[in-house]
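Worksheet: the structure to be examined is printed underneath.
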Amino acid sequence: MSAKTQFDLQQFLATRTKTVNAALDKFLPSEKTKPATIHKAMRYSLFAGGKRMRPALCLAAAAACGGREADALPLACAVECIHTYSLIHDDLPAMDNDDFRRGKPTNHKVFGEGIAVLAGDALLTEAFAVAGTCNATPRYSHRRMLHELWEAAGSRQLIAGQVADLEGEGKKLSVDELRYIHERKTSALLCCSVRLGGMSANCTAAQLKALTDFGYHVGLAFQVIDDILDVTQTSEQLGKTAGKDVAEQKATYPAIVGLEKSRKIAENLTARAFAALKTFKGKAVALEALAEFLLKRDR
Ligand code: GRG
């Protein structure tokens, strides 16, 4: 398995990150907007150097469906706002209690817990305002696209995953229980990113099904790799505290099935993601390259 074409992923990521950062900068209130503290805190985490994988997947999905990336941009930015909110809240002492994220002190370490809670809340709220600026397409209304976002971010998906994660701490979970957490905590938002990219390009039902299949499997592979990196990389490489899963006796793939089998699982999931792209007949090169990159990533 490899991204068969000579697609230049580094160039794709560099240019799209720049585009997404510029759009986020425009969408969000400036640091000077009153009250300045909250806008500084929102921007601190949003521009702390995240990999922008979800926006990249959203834009790549739009391109695979023959759409214009500009039409997907508000949706790509909205997903990144939701992702960043979830990281800020996950790092809070009441949740994962982390001191570092994206290579910097976590939001609450810099702004205090109260402001960090509010910065997360504000990014979540802002995400829907940003998404609302997208254009409806003949097959997908605004309502449909916003529905995607709130479903992925809501109490049946992202939040459900976090609840199960919190409730599973210190317990011995089965692989099925762990997959339940990964599907919701990680895969749902990644899958939503590619689906929204497709919708912005007025994708057909068959294309949406293929993107869903791709996003689901890439999302699960992403989390298995995240679990592996937690035990194989240093905090400096990850930009966040490494080894936390073991220290806190969290259920992870390496803890349950071992490192070698975890790698195999991630490879198989990525192969299934690749298979889902067949229907695009060579037009999903960016998605292919991203899936391969996510499998091989080291941070
Ligand atoms: C607080 C509702 C709520 C949810 C929190 C984000 C999260 C759920 C937990 C953080 C820990 C974790 C393992 C999340 C799964 C998703 C994940 C691997 C996030 C990290 O995503 P990256 O690697 O981060 O794309 P960057 O910083 O590059 O954007």
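Computed from a predicted model, the values in this text were never measured in an experiment. Just follow the structure's listing: the first ligand is 1, and inside any ligand the first atom is 1.
A cation-pi arrangement, defined by a distance under 6.0 Å to the six-membered ring centre and an angle within 45 degrees of its axis, is absent between Arg272 and Phe274.
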- Query: What do the steps show when you test Leu123 against Ile82 for side-chain contact (heavy atoms from CB on, under 4.5 Å), and what is the final call?
  - Reply: CA-CA 6 Å; Leu123 281 169; Ile82 291 179; over 6 Å; no
- side-chain contact (heavy atoms from CB on, under 4.5 Å) between Leu28 and Cys81: does it pass, once the steps are laid out? CA-CA 10 Å; Leu28 259 84; Cys81 289; 4.1 Å; yes
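Distances between N or O atoms of Lys51 and those of ligand 1 include at least one value under 3.5 Å. Backbone and side-chain nitrogen or oxygen atoms of Arg102 are examined, and one is located within less than 3.5 angstrom of a nitrogen or oxygen of ligand 1. An N or O contact shorter than 3.5 Å is missing between Asp226 and ligand 1 by distance.
When non-hydrogen atoms are compared, ligand 1 lies under 4.0 Å from the side chain of His83 (C-beta onward) but not from its backbone. With a heavy-atom cut-off of 4.0 Å, Met53 does not touch ligand 1 at all.
If you run salt bridge (Lys or Arg N to Asp or Glu O under 4.0 Å) between Asp96 and each of Lys250, Lys240, Lys185, only Lys250 comes through. Screening Asp230, Asp226, Asp99, Asp98 against Lys244 for a salt bridge (Lys or Arg N to Asp or Glu O under 4.0 Å) leaves a single residue, Asp98.
In terms of protein heavy atoms, atom 11 (C) of ligand 1 is closest to Asp90 OD2, 3.5 Å. For atom 6 (C) of ligand 1, the closest non-hydrogen atom of the protein is Ser86 OG, 3.1 Å. Protein heavy atom at the shortest distance from atom 8 (C) of ligand 1 is Gln162 OE1, 3.3 Å.
In this structure, Thr137 and Met199 have side chains that are not in contact, with every pair of non-hydrogen atoms separated by 4.5 Å or more.
Contact annotation: Arg54 has at least one heavy atom less than 4.0 Å from an atom of ligand 1.
Annotation for ligand 1: atoms under 4.0 Å from non-hydrogen atoms of Ile159 are 2 (C). Remark: ligand 1 atoms within the under-4.0 Å shell around heavy atoms of Thr186 are 15 (C), 16 (C). Applying the 4.0 Å criterion to heavy atoms of His89 picks out, from ligand 1, the atoms 1 (C). Each of the following atoms of ligand 1 lies closer than 4.0 Å to a heavy atom of Lys185: 8 (C), 12 (C), 13 (C), 14 (C), 15 (C). Atoms of ligand 1 lying under 4.0 Å from any heavy atom of Tyr85, numbered from 1 in the order shown and given with element: 2 (C).
Considering only non-hydrogen atoms, atom 13 (C) of ligand 1 lies nearest to Gln223 out of Arg101, Arg297, Arg184, Gln223.
Contact record, Cys192 with Glu148: SG-O, 3.8 Å, taken as the closest heavy-atom pair.
Partners of Phe222 by ring pair (Phe, Tyr, Trp, His ring centres under 6.0 Å), not counting sequence neighbours: none found.
Classification of the His147-Trp150 ring pair by plane angle, with boundaries at 30° and 60°, yields tilted.
Residue pairs that meet the ring pair (Phe, Tyr, Trp, His ring centres under 6.0 Å) test with at least one member in residues 93-127, sequence neighbours left out, are Tyr44-Phe111.
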